[in-house]
Visitor: 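Structure provided below as structure tokens; questions to follow.
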2 protein chains.
Amino acid sequence: MFTGDQEKVRIVNRSLILNALRLYAPISRAQLAYITGLTRGTVSNIVTILIEEGLVFEDELQGSKIGRPPILLGLRPDGGAVVGVEIGVDFISVLLTNFVAQTLWEIRVKTTSQSQTDIISQAEKYIDQALKIAKEKKLGPLGIGVGLPGLVNVRQGNLITAPNLHWKDVPLRLIWNQRFHLPVYIDNEANLAALGEYYFGIARNVDNFIYLSSDIGLGGGIVIGGRLFRGGHGYGGEIGHIQRDPQGELCGCGRVGCWETQVGPRPVLRRVKKEFQTHHDQMLLDACSGNLDNLTFDIVVQFALNGNSICRQAIDEVAVNLGMGIADLVNVFNPDLIVIGGAFIQAKEILHSTIEKTIFSNALQPSTENLKIEFSERDTEACVLGAVAVVLDDILREMAIS
Amino acid sequence: MFTGDQEKVRIVNRSLILNALRLYAPISRAQLAYITGLTRGTVSNIVTILIEEGLVFEDELQGSKIGRPPILLGLRPDGGAVVGVEIGVDFISVLLTNFVAQTLWEIRVKTTSQSQTDIISQAEKYIDQALKIAKEKKLGPLGIGVGLPGLVNVRQGNLITAPNLHWKDVPLRLIWNQRFHLPVYIDNEANLAALGEYYFGIARNVDNFIYLSSDIGLGGGIVIGGRLFRGGHGYGGEIGHIQRDPQGELCGCGRVGCWETQVGPRPVLRRVKKEFQTHHDQMLLDACSGNLDNLTFDIVVQFALNGNSICRQAIDEVAVNLGMGIADLVNVFNPDLIVIGGAFIQAKEILHSTIEKTIFSNALQPSTENLKIEFSERDTEACVLGAVAVVLDDILREMAIS
DNA sequence: GTTTGTTTGTATAAGCGTTAAACAAAATAA
DNA sequence: TTATTTTGTTTAACGCTTATACAAACAAAC
């Protein structure tokens with residue numbers, strides 16, 4: 001019999017099993033063996049340990065209809081608690097989940113200050129609250145995942161710069177390690193949102209995809225071969241600052257014509273306002289209470305949906321620019337799926353066909369063979385869910401640093 | 001003692017040792033253990049097998065100056081023979097090397113026909129010659145690596161399309177497998193050239209770099225984490241067709257303003273000819289025997305080096321375009337090194353500083369921290385050497401398919 | 001009702017490849 | 001001379017896997 005003293009069961013096999021459980025539970029040992037390619041004996045041994053550790057759940061239920069009734073396995077919801085945090089440009093979002101990533105508690109608040117100490121201490125307050133709730137539910141905290149709107153050194157756990165927050169060189173992992181005595185994982189918000197879609201959203205089980213989202217900037221997370229692509233030293237994947245028009249507008253990064261300047265709510269508003277000067281539109285002006293400065297992306301989308309041609313054209317133009325840039329990315333990364341998130345979700349009915357057409361007529365043929373274009377399923381949740389996923393990732397498989 | 005019946009010595013450790021031997025030979029068992037992180041015992045066992053197999057060479061020589069004199073190890077030059085093949089748009093290049101990639105025989109001939117059967121049978125003739133020489137030298141053939149100027153499915157070993165050759169759907173691996181009864185590895189020429197620089201050229205030991213070369217098209221090979229990056233399904237890395245100017249020229253791929261249209265000998269010639277219409281230059285005209293249609297890239301480079309401002313400006317413009325595109329790639333892939341090959345090597349003195357300046361002032365700061373720009377060391381040899389490297393790669397470590 | 005076949009889970013021995021530890025050899029330095 | 005360092009080998013022990021055998025529980029066929 002398996003004695004239980006073989007503590008160092010191969011980490012990779014253990015991860016294989018945990019990950020298969022995440023995807024296929026409830027499942028029998030035999031099926032688990034089939035999926036992972038291990039023998040039933042090996043699976044049995046590892047599962048024994050996982051049950052002892054309280055990570056895996058065992059239940060005798062109806063499974064296959066022929067043969068001995070299988071003992072079904074799954075990850076234990078009460079295997080532990082995970083905290084996901086997103087620090088946005090003007091909000092903080094904190095999420096507490098159990099071991100199977102079910103939401104136990106969440107909060108999303110607007111922030112007024114942009115001061116580093118203010119925002120961090122406010123976030124700490126919410127994390128404390130989350131940990132308190134975890135304790136009440138008798139769930140051991142497993143770790144904290146944090147998404148930040150800027151350039152992050154994932155290995156060192158530092159925020160390098162966050163232009164929109166005006167932060168620089170913040171060793172957030174160190175700070176929160178000391179504060180909470182838990183593993184802390186820090187990453188860029190777009191990367192985490194990509195992971196969120198990969199684990200819990202539309203990109204489930206798609207091993208090669210690109211997540212794009214635009215609110216203020218244009219962010220992207222690239223998943224290749226089931227792992228986040230970060231380039232050579234972890235600073236890669238900055239797709240928002242690909243130059244797409246040498247005669248374009250000035251970007252915040254100092255360059256001209258970055259993709260970020262062409263795509264997003266801002267360029268849409270700019271285009272509508274410009275067009276308005278030659279084609280006056282009273283209804284649109286009324287919607288802004290008479291002042292075009294009050295124009296928002298929501299209003300433009302609403303008008304476009306109702307057939308307003310100025311708004312429709314502005315959105316179409318951005319859709320073409322988005323599609324053109326995606327075509328380049330498709331040529332380079334050859335993904336199976338493009339997931340579009342952020343502000344664009346509101347306009348998905350208008351955007352979808354234009355984007356798709358642009359991509360398929362501009363990317364090279366073999367790369368587009370199995371390509372699909374979808375919109376985010378988890379929207380504002382994607383990033384915090386991704387933050388949770390990163391923590392689970394470290395337990396379920398090796399850390400997703402390429 | 002090690003009994004020798006442990007046939008299935010861990011493949012990964014075996015590869016570790018072979019690869020370390022490639023890089024650091026001649027080296028002692030103890031140093032090998034230090035580098036690979038294995039124990040001296042393990043190294044000893046595996047090396048015993050490698051010597052039995054005839055892959056590794058053992059020699060008692062002066063090494064460390066204190067302690068027992070080490071037995072130095074290295075890959076046996078006579079461990080086997082490898083054939084590297086490059087089929088270019090207008091040439092065929094075949095290289096025969098021994099197990100340590102030293103050239104034994106090589107040939108490079110211009111082709112006149114573009115017919116598929118003609119070129120393939122011509123290449124077969126040279127490969128036969130190479131294999132005959134290998135046999136004469138009593139070296140067992142290990143495999144054939146082939147570089148092609150087009151889109152390749154590496155796993156299936158098919159050429160999908162080669163626009164400049166007008167080839168389509170050629171199952172070259174199958175064809176040559178049946179013809180030569182040897183392992184055949186097929187890949188894009190730029191990918192192989194990148195591998196060639198990685199194993200035997202300027203990018204030795206640089207695990208994250210991008211190789212760019214322009215002759216007719218603009219090709220690129222991307223190495224990330226020590227392996228070729230091919231995107232999700234092997235069709236990725238097509239960086240020549242990134243759109244860099246929506247108002248640019250029409251590209252052969254059907255799109256407008258691809259990077260390929262901005263960078264390379266062709267755009268330089270176009271620019272010089274255009275400039276010539278407004279600024280007549282008798283010396284330049286004389287160099288073309290009175291007809292500007294005879295203008296070649298070589299002539300432009302010569303004139304630029306001698307201070308001719310028309311030629312100089314044309315090259316500078318291309319250098320800026322090249323640098324701008326590289327800046328985008330740097331933002332996305334975050335490499336340590338850019339290697340520039342192909343026609344540009346002739347003009348490296350003029351190009352280098354302009355390219356460097358453009359990249360460093362346009363890419364995001366953290367990505368450029370350790371970035372270097374270099375020119376190819378192996379030039380026309382890079383691709384065939386890379387083809388050899390692919391074959392060795394399969395023996396030294398797992399196949400470099402990401 | 002019996003037989004046969006299938007699926008499942010467990011137990012055991014055997015195998016592979018590793019590490020740890022001890023040892024010996026050969027050189028230098030004190 | 002003695003102590004120290006580096007190197008290479010040998011041995012037992014260990015960890016994890018596979019192969020194999022076995023039994024339980026069910027369905028379908030006869």
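So that the names make sense, note that chain A is the first sequence line, chain B the second, and so on, each numbered from 1.
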Visitor: Given atom CG of B/Asn45 and atom P of C/dA20, what is their separation to the nearest angstrom?
Guide: 15 Å

Visitor: Treating B/Arg204 as the side-chain partner and B/Leu23 as the backbone partner, does any N or O pair qualify as donor plus acceptor under 3.5 Å?
Guide: no

Visitor: Given atom CD1 of B/Ile46 and atom P of C/dC16, what is their separation to the nearest angstrom?
Guide: 15 Å

Visitor: Using whole Å, report how far OH of B/Tyr34 lies from C1' of D/dG8.
Guide: 19 Å

Visitor: Which listed nucleotide (C/dG9, D/dG8, D/dT18) is nearest to the side chain of B/Ile71?
Guide: D/dG8

Visitor: Who pairs with A/Asn153 by side chain to side chain donor-acceptor pair (under 3.5 Å), at least two apart in sequence or on another chain?
Guide: A/Tyr235

Visitor: May I have all residue pairs that pass side chain to side chain donor-acceptor pair (under 3.5 Å) and include part of residues 134-145 of chain A, sequence neighbours excluded?
Guide: none

Visitor: Report the distance from atom CZ of B/Arg29 to atom P of D/dG8, rounded to the nearest whole Å.
Guide: 6 Å

Visitor: Below 3.5 Å between N/O atoms, which protein atoms pair up with nucleotides 21-25 of chain D? Just atom names and distances, please.
Guide:
| unit_1 | atom_1 | unit_2 | atom_2 | d |
| --- | --- | --- | --- | --- |
| D/dA25 | N3 | A/Arg68 | N | 3.3 |

Visitor: Could you check A/Leu75, A/Asp78, A/Leu139 and say which one makes a side chain to side chain contact (heavy atoms under 4.5 Å, CB included) with A/Phe99?
Guide: A/Leu75

Visitor: So, OP1 or OP2 of D/dT17: does either fall under 4.0 Å of a side-chain N or O from A/Asn13?
Guide: yes

Visitor: Distance check needed: C/dT7 P versus A/Ile27 CD1, whole Å only.
Guide: 15 Å

Visitor: In whole angstroms, how far is the P atom of C/dT7 from the CG atom of A/Leu72?
Guide: 16 Å

Visitor: Quick one: label B/Ser28 by what it contacts on the DNA or RNA (base, sugar-phosphate, nothing), any heavy atom closer than 4.0 Å.
Guide: sugar-phosphate

Visitor: Should B/Ser44 be listed as having a side-chain N or O under 4.0 Å from OP1 or OP2 of D/dT9?
Guide: yes

Visitor: Check the distance between D/dT6's P and B/Gln31's CD and give it to me in whole angstrom.
Guide: 9 Å

Visitor: So which nucleotide from C/dT18, C/dT8, D/dT7 ends up closest to the side chain of B/Ala30?
Guide: D/dT7

Visitor: Can you name the residues that form a side chain to side chain contact (heavy atoms under 4.5 Å, CB included) with B/Asn208, not counting sequence neighbours?
Guide: A/His233, B/Ile224, B/Asp336

Visitor: For C/dT19, does either OP1 or OP2 sit under 4.0 Å from a side-chain N or O belonging to B/Thr39?
Guide: yes

Visitor: Enumerate the salt bridge (charged side-chain N to carboxylate O under 4.0 Å, His left out) contacts for residues 23-39 of chain B, please, sequence neighbours excluded, ordered by first and then second residue.
Guide: B/Arg29-B/Glu58

Visitor: Between C/dT10 atom P and A/Leu32 atom CG, what is the distance in whole Å?
Guide: 13 Å

Visitor: Checking A/Phe333 now: which residues fulfil ring-ring contact (aromatic ring centres under 6.0 Å, His included) with it, not counting sequence neighbours?
Guide: A/Phe229, B/Phe229, B/Phe333

